[in-house]
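Below, each value reflects all heavy atoms present in this structure, side chains not excepted, and no hydrogens, waters or symmetry copies. Lettering follows sequence order; numbering is per chain, from 1.
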Protein chains: 2
Amino acid sequence: MNKKKAQSEETKARIIEAANNVFSQRGYHAASIEDIANATGVSKANIYYHFKSKEGLFLTLLDQYEAEWKALWAEQLKRYASTTELLNGMIDVGLKRGFHHPLTRAAREFLEEAWGKSVEGCRQIAIKINENRAFYQSLIQQGIDSGEFKSVNTSDLGRILEAMFRGLGESSRDLSLEEAIRLYRVALDALLYGIVARD
Amino acid sequence: MNKKKAQSEETKARIIEAANNVFSQRGYHAASIEDIANATGVSKANIYYHFKSKEGLFLTLLDQYEAEWKALWAEQLKRYASTTELLNGMIDVGLKRGFHHPLTRAAREFLEEAWGKSVEGCRQIAIKINENRAFYQSLIQQGIDSGEFKSVNTSDLGRILEAMFRGLGESSRDLSLEEAIRLYRVALDALLYGIVARD
DNA sequence: ACGTAAACTGAACGGTCAGTCAGTATTTTA
DNA sequence: TAAAATACTGACTGACCGTTCAGTTTACGT
């Protein structure tokens, strides 16, 4: 139980890598299993040997991405003293590392396609959305606790922060990395300090 | 040339109405011409008598929606003295009138599907995106001119405002109208006055 | 009244794509 | 080394969907 299993796991890893690229570029629906098979260099049927379905493959990708994302954040959280700095750092790291979640588009598409069809798919995505919201919410809470932010409603503000970043992610698709980072920074600055003129 | 033409135009209008519902609920891809035909109560082929293609039908819908939106705004612009009030009013009117652009999801999906396939489709969507950006930008400029806002970069802030509203539109899909309006107001308040605590 | 054009339909076509299956090659186990 | 398990493939299926087309009904002009 050695050479064969190693081969198998390497193939699986190659499929995952190719699938990541194809889903990121084409989105969930437009990415066909055949595309992924060709990109990997294996047969279509082989993908169904390693993964239960297109949905199963995609959810595996999301799980993996989320795990990497969490690990990255656990590391970043130690590096910054204030929440403001942390948020600015988040922009840098988040954008440089794959332009703010390359699978986001595919994930949203997947969710919309799964709505009503795949109960399991919806459930899994719902879990991820909640975790993401809780993360943003905890960031805001941290800022309040440290006295940096006003005592705003963390649930609202978490949602708003998430919404703004998500919207920016889409809006900045035609921008270079540097321009995108600048835009995100300006946005964060506006949200932090407001745009209303003070006397 | 009377009864027949009237019938025809009524049918066309009914197709448009049904298509609006179906595209809004299902998104661009998942909405099949057959769905729309059934919802209208006509044959699939009849839709191709009145419209060139699925893309053509959808672009007609977008044009119509945009025209209504513009007319509504032209009216609203007169009703408010300050830009801050105007933005708050925008939330109310925009959300009450169909929860912030029901076709937005389908439009994004359409754009992603059209990328590389339909040059004409991309062109038309690009025009609409630019018009939308220019609109937000002019709102910000107006606020600066009246002395309400700091002299921020209008191009950036327009994009940011648009991104935030778009993100909120998605994020608030599981909220009631009242909750959504409240969330939007909190978001606008945060952007206007900031969330950083002042001494 | 009659020919013609507009409005409309049922059935089919062509293409795509997720998923299956019967079979082959390779490695492991006994 | 024989049998069994694993990794993998090519060809196929069934379903869906945008689009077309030959043909039918209906109103209009003359």
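Taking only side-chain nitrogens and oxygens, A/S8 comes nearer than 4.0 Å to OP1 or OP2 of D/dA7. Within the 4.0 Å cut-off from OP1 or OP2 of C/dC8, at least one side-chain nitrogen or oxygen of B/T11 is found. Put simply, B/Q7 has no side-chain N or O that comes within less than 4.0 Å of OP1 or OP2 on C/dA6. B/K4 has no side-chain polar atom (N or O) that falls below the 4.0 Å cut-off from OP1 or OP2 of C/dA6. A close approach under 4.0 Å does not occur between any side-chain nitrogen or oxygen of B/Y49 and OP1 or OP2 of C/dC8.
The nearest whole Å value for the distance from the CZ atom in A/F51 to the P atom in C/dT20 is 16 Å. Summarising the geometry, the separation between NZ on A/K3 and C1' on C/dT27 is reported as 8 Å, rounded to the nearest angstrom. Rounded to whole Å, atom P of C/dA18 lies 11 Å from atom NZ of A/K117. When rounded to the nearest whole Å, the span between NZ of B/K5 and C1' of D/dG29 equals 15 Å. For B/E113 and C/dC17, the CD to P distance is 11 Å, given to the nearest whole Å. Summarising the geometry, the separation between CD1 on B/I15 and C1' on C/dA7 is reported as 11 Å, rounded to the nearest angstrom. Look at NE2 on B/H50: it is 12 Å from C1' on C/dT9, rounded to the nearest Å. Atom pair A/N2:CG and D/dT6:C1' shows a separation of 14 Å (rounding to whole Å applied).
With sequence neighbours excluded, no residue forms a salt bridge (Lys or Arg N to Asp or Glu O under 4.0 Å) with A/E17. Every residue two or more places apart in sequence or in another chain that forms a side chain to side chain contact (heavy atoms under 4.5 Å, CB included) with A/Y193 is listed here: A/T84, A/D189, B/K150, B/V196, B/R198. For B/S8, the side chain to side chain contact (heavy atoms under 4.5 Å, CB included) partners at least two apart in sequence or on another chain are B/H50. Listed by chain and residue number, A/R105, A/R173 satisfy the salt bridge (Lys or Arg N to Asp or Glu O under 4.0 Å) test with B/E112 (two or more places apart in sequence, or in another chain).
For B/K54 and B/Y28, the positive end sits near the middle of the six-membered ring, less than 6.0 Å away and at most 45° from its axis.
B/N21 and B/S24 are not linked by any side-chain donor-acceptor pair at a separation below 3.5 angstrom, with hydrogens and angles left out of the test.
A heavy atom lying under 4.0 Å from DNA chain D marks the following residues of residues 21-47 of chain B, by number: B/A31, B/S32, B/I33, B/K44, B/A45.
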Atom pairs and distances, side-chain donor-acceptor, residues 118-129 of chain A, under 3.5 Å, sequence neighbours left out:
residue	atom	partner	partner atom	Å
A/S118	OG	A/E55	OE1	2.9
A/S118	OG	A/E55	OE2	2.6
A/S118	OG	A/G121	N	2.8
A/E120	OE1	A/R123	NE	3.2
A/E120	OE1	A/R123	NH2	3.4
A/E120	OE2	A/R123	NH2	3.0
A/E120	OE2	A/Q124	NE2	3.1
A/K128	NZ	A/D63	OD1	2.5
A/K128	NZ	A/E66	OE1	3.3

